[in-house]
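Each chain gets a letter, A, B and so on, in the order the sequences are listed, and its residues count up from 1. Treat the numbers as computed from the prediction; the structure is a model and nothing was measured.
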2 protein chains.
Amino acid sequence: MRQLDDTDREIIRLLVEDARRPYNEIAETVGLSPPTVSDRVERLQEIGVIRRFTADLNHDILSDGLSLLVTVNAKPGHVGDIRESLASFDGVEHVFVTADAHIVCKANLQEQAIETLLSNAIGEEAVREYDVQLLVDDEWNPQPGTIEFAPDCVECGNTVTEEGESTRIEGELYHFCCSSCKAQFADRYERLQEGATN
Amino acid sequence: MRQLDDTDREIIRLLVEDARRPYNEIAETVGLSPPTVSDRVERLQEIGVIRRFTADLNHDILSDGLSLLVTVNAKPGHVGDIRESLASFDGVEHVFVTADAHIVCKANLQEQAIETLLSNAIGEEAVREYDVQLLVDDEWNPQPGTIEFAPDCVECGNTVTEEGESTRIEGELYHFCCSSCKAQFADRYERLQEGATN
DNA sequence: GATGAAATTAGTTCAAG
DNA sequence: CTTGAACTAATTTCATC
């Protein structure tokens, strides 16, 4: 299977930021055409890097119950079960499993549902101990981790930022900090090509 | 302020399921026309119920560094600082603050960045103790739960109902329970601005 | 608020390199 | 793998209710 390249990573980053960003905008940013971006996004979904496009809701103003952090210390061999039952419980938004068999989950629940979660989803036989904490704040920054994408402008050496542009010349992707650097580089490249063939 | 109705809730549910579902499909499901759905979605974003549309990534196959759960027990008065510095650290995806002054954050980091996070973002003076756990699994279940729109009045703290009002001040949307709270807040805000510039 | 028709904008298909 | 051109689909505007 083809590995992810920098272009894929940049497309991912842009879609995490805004899943509805038009493809022509993405195309311009990464220096490709819209159909190619479309193909790549389709591929990213196919190989499972992008699981789905979704809406991030603000639970603070939605008042859909209490926000809780539930930490469970699972008995050996039960981590998978508990993870599954927690993840499928209505209102459970995030489930984290640590290397040392702790399961941490974040849930938005009505008060009466907390007891159900604890008894049904967690049970007794499979759990060493558990802890429930009330959340007072919850900030979420969807971001693709430390996908490195801060190249230097190939023309002037400055770091390429949001305003930067990219272009593909003979299959190779080049990044520029601004359109003038891009134009200058393209110009120089063309001259070089002419010189080589004459 | 107009409350969320069942149609809004259904639209939210459909968008959480698939943020890119076409409006005519949503329209058919909820029995409205596409332009109306468009208007409603716009409103849901305006009032902050929908924070953003994003892509749910599978970090397992993305191999963008290690996934960690960092738990920090903050000293009194430092919860806010630590929350802020963690949230703004590159690679930190989620920050939870519990009622008992614990901060739990989930980060996707390259190995060398872990040390930086611990020393820079957490520091020493403000923290009683901290704990870093390696994550082996991480599941996100975007789901709206039982949605009710009920923000707190930024002026008096009461729940904002049908009679409430909203206003945008310098790009930021504020919700109030009544026009007098709105006026009072606007007044105070203006004073503050004047004081700052003089 | 909500709508249908029109206009605009976005996405996909496809032949070609 | 990528593209531009043609085509199809989705979204937004707007006059009207």
Whole-Å gap separating P (C:dT9) and CG (B:Asn24): 19 Å
Side chain A:Arg21, main chain A:Leu14, donor-acceptor under 3.5 Å: yes
Rounded distance (Å) that lies between atom P of C:dG1 and atom CG of B:Leu44: 12 Å
Of the candidate nucleotides C:dG11, D:dA10, D:dT11, which contains the atom at the shortest distance from the side chain of B:Tyr23? D:dT11
Residues in contact with DNA chain C, drawn from residues 33-41 of chain B - heavy-atom cutoff 4.0 Å: B:Ser33, B:Pro35, B:Thr36, B:Arg40
What is the distance, rounded to the nearest whole Å, between atom CG of A:Asp8 and atom P of D:dC1? 9 Å
Nearest whole Å is fine: how far is D:dA10 P from B:Asp18 CG? 12 Å
d(CZ, B:Arg21; C1', D:dA10) in whole Å: 15 Å
Donor-acceptor pair, distance only, cut-off 3.5 Å: does the side chain of B:Thr54 make one with the backbone of A:Val16? yes
Atom CD of B:Glu25 to atom P of D:dA10: distance rounded to whole Å? 9 Å
Check whether A:Asp56 reaches the backbone of B:Arg51 with its side chain - one donor and one acceptor, N or O, closer than 3.5 Å. no
I need the CZ-P distance between A:Phe53 and D:dA10, as an integer number of Å. 16 Å
Hey, what's the ring geometry for A:Trp140 with B:Trp140, parallel, tilted or perpendicular (30° and 60° as the breaks)? tilted
Mutual orientation of the aromatic rings belonging to B:Tyr174 and B:Phe176 [parallel < 30°, tilted 30-60°, perpendicular > 60°]: tilted
Would you call A:Glu10 and A:Arg13 a salt bridge, using N to O less than 4.0 angstrom? yes
Measure CD1/A:Ile26 against P/D:dT3 and give the value in whole Å, please. 14 Å
